[in-house]
2 protein chains.
Amino acid sequence: MAKATAPKTRRGIERRAKILAAAETVMGEQGFPAASIADITREAGTALGTFYIYFSNKEEIFRELVLEMGKVTRKMVAEAIADAPDRLAAERAGLAAFLNFVAKRPALYRIVEEARFVDPEAYQRYFTSFGDAYAAQLRAAEAKGEISPGDADIRAWALMGMAKALGDRYVIWDDVPDIDRVVNEAHRLICRGLVPDAAG
Amino acid sequence: MAKATAPKTRRGIERRAKILAAAETVMGEQGFPAASIADITREAGTALGTFYIYFSNKEEIFRELVLEMGKVTRKMVAEAIADAPDRLAAERAGLAAFLNFVAKRPALYRIVEEARFVDPEAYQRYFTSFGDAYAAQLRAAEAKGEISPGDADIRAWALMGMAKALGDRYVIWDDVPDIDRVVNEAHRLICRGLVPDAAG
């Protein structure tokens with residue numbers, strides 16, 4: 001099947017973005033299997049046929065949302081850690097940025113998790129790409145002596161998992177998330193682990 | 001709708017267990033939406049009608065599998081950490097037991113993750129119950145001075161998330177998982193965090 005064309009006019013770009021935002025809302029609320037293209041265009045306030053100008057099917061717009069989550073989270077974390085003086089400070093800033101993102105776009109977060117079942121390849125690509133970039137940063141920090149030596153890939157995955165679980169429990173499930181508290185506590189664990197203080 | 005009855009005879013118990021094991025295989029492979037009751041009874045080698053002696057519908061057997069994962073993982077982790085001399089040793093043994101469980105029952109692991117979408121209440125109950133038990137153990141360890149002081153709930157969720165992400169990446173995705181290596185590296189992070197050694 002021919003891939004739907006990318007819009008060239010400003011009106012087209014806006015209309016595509018509107019449909020994408022509507023898909024985020026509808027799929028985030030209903031989940032992929034229940035969400036219909038009619039629900040999406042209704043939410044977007046466009047005609048059903050307009051969907052097919054920009055997307056071939058439901059699977060394609062879903063994958064597009066997973067890609068968007070990748071772009072947005074990576075940009076947001078990069079901005080958040082740009083001014084961090086060292087890697088430990090960057091860990092704190094990155095975790096805070098991620099949890100704030102989950103609070104702001106819970107539907108997009110849910111869609112990426114649903115990709116594990118709906119589009120396993122996109123799911124794996126998403127986390128592999130994020131994990132590779134994370135590990136590269138840890139390697140650079142180790143070379144500068146900012147963190148202790150260790151396997152950067154395993155650490156990157158452990159830290160991503162930590163952030164995801166905290167996002168589930170303290171952002172998605174809590175009515176009033178206290179992100180600062182979670183970040184402070186998790187950051188202490190990330191920096192110093194569980195061993196009692198030498199002085200203790 | 002009346003709940004299907006629990007079996008009383010040995011034959012009934014075995015037949016129910018067979019259907020449950022078949023559901024684990026079929027739902028683990030196909031996912032909940034695609035898996036049919038006919039697929040499950042075919043896999044179990046029983047008549048379609050036999051399913052309804054023990055379960056009312058697909059949703060009920062799915063929930064039963066989530067409950068089973070809860071029972072099995074908890075028992076397995078409890079056994080694994082029973083002989084650990086302190087909490088840090090227990091963290092290592094518990095993580096190793098969890099990752100080995102994921103390697104052994106990948107379908108059950110996948111089913112619990114799918115519960116996030118198929119049966120959010122069961123999903124939340126599963127992780128809340130596991131997290132509460134985990135936090136209680138961390139609190140007891142802190143009281144004994146085995147670990148540094150800190151918020152036990154946030155730490156429990158962070159550590160569960162770590163284990164899940166490592167299970168995804170290094171057990172589910174890898175053809176030949178090297179669980180020892182992952183456990184060693186993650187355990188160092190759990191104990192000492194990322195800060196460079198004082199001597200470094």
About how many Å separate CD1 of I147(A) and CG of L189(B), when rounded to the nearest 0.5 Å?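 The CD1 atom of I147(A) is 9.5 Å from CG of L189(B), to the nearest 0.5 Å.
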
I need the D151(B) CG to N184(A) CG distance, nearest 0.5 Å.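 These two atoms lie 11.0 Å from each other.
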
Checking heavy atoms, do the side chain of F127(A), its backbone, both or neither come under 4.5 Å from chain B?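 Side chain of F127(A) only, per the 4.5 Å heavy-atom cut-off to chain B.
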
Contact class of R188(A) relative to chain B, heavy atoms under 4.5 angstrom: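 Side chain of R188(A) only, per the 4.5 Å heavy-atom cut-off to chain B.
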
Determine the minimum heavy-atom distance between [X] and [Y], stating which atoms define it.
X	Y	result
G145(B)	P196(A)	O-CG, 3.4 Å
G161(B)	A165(A)	CA-CB, 3.4 Å
W157(A)	L166(B)	CB-CD2, 4.0 Å
G193(B)	S148(A)	O-OG, 3.9 Å

Answer whether the closest heavy-atom distance between the side chains of [X] and [Y] falls below 4.5 Å.
X	Y	answer
R181(A)	I154(B)	yes
R192(A)	R192(B)	no
V118(A)	F117(B)	no
V195(B)	L88(A)	yes
C191(A)	L194(B)	no

Would the number of heavy atoms belonging to other residues, nucleotides or ligands and lying under 6.0 Å from NZ of K58(A) be above 12?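 Yes, NZ of K58(A) has more than 12 neighbouring heavy atoms, counting only those of other groups under 6.0 Å.
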
Heavy-atom pairs under 4.5 Å with chain B are the metric here; pick the option from Q124(A), R155(A), M160(A), M162(A) that has the most.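 Highest number of heavy-atom pairs under 4.5 Å: Q124(A).
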
Between K164(A), R110(A), E91(A), who has the most heavy-atom pairs with chain B when the cutoff is under 4.5 Å?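 Most pairs with chain B among the choices: R110(A).
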
Applying salt bridge (charged side-chain N to carboxylate O under 4.0 Å, His left out) to D168(B) and R116(A), what does each step give before you reach the verdict? CA-CA 10 Å; D168(B) 281 341; R116(A) 180 197 290 263; 3.0 Å; yes

Largest heavy-atom contact set with chain A, pairs under 4.5 Å, which of G31(B), G150(B), G131(B):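 When all of G31(B), G150(B), G131(B) are compared, G150(B) has the most.
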
Tell me whether L67(A) is reachable from F98(A) by hopping between hydrophobic residues (I, L, V, M, F, W, Y) whose side-chain heavy atoms are closer than 4.5 Å.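 No, F98(A) and L67(A) fall in different hydrophobic clusters.
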
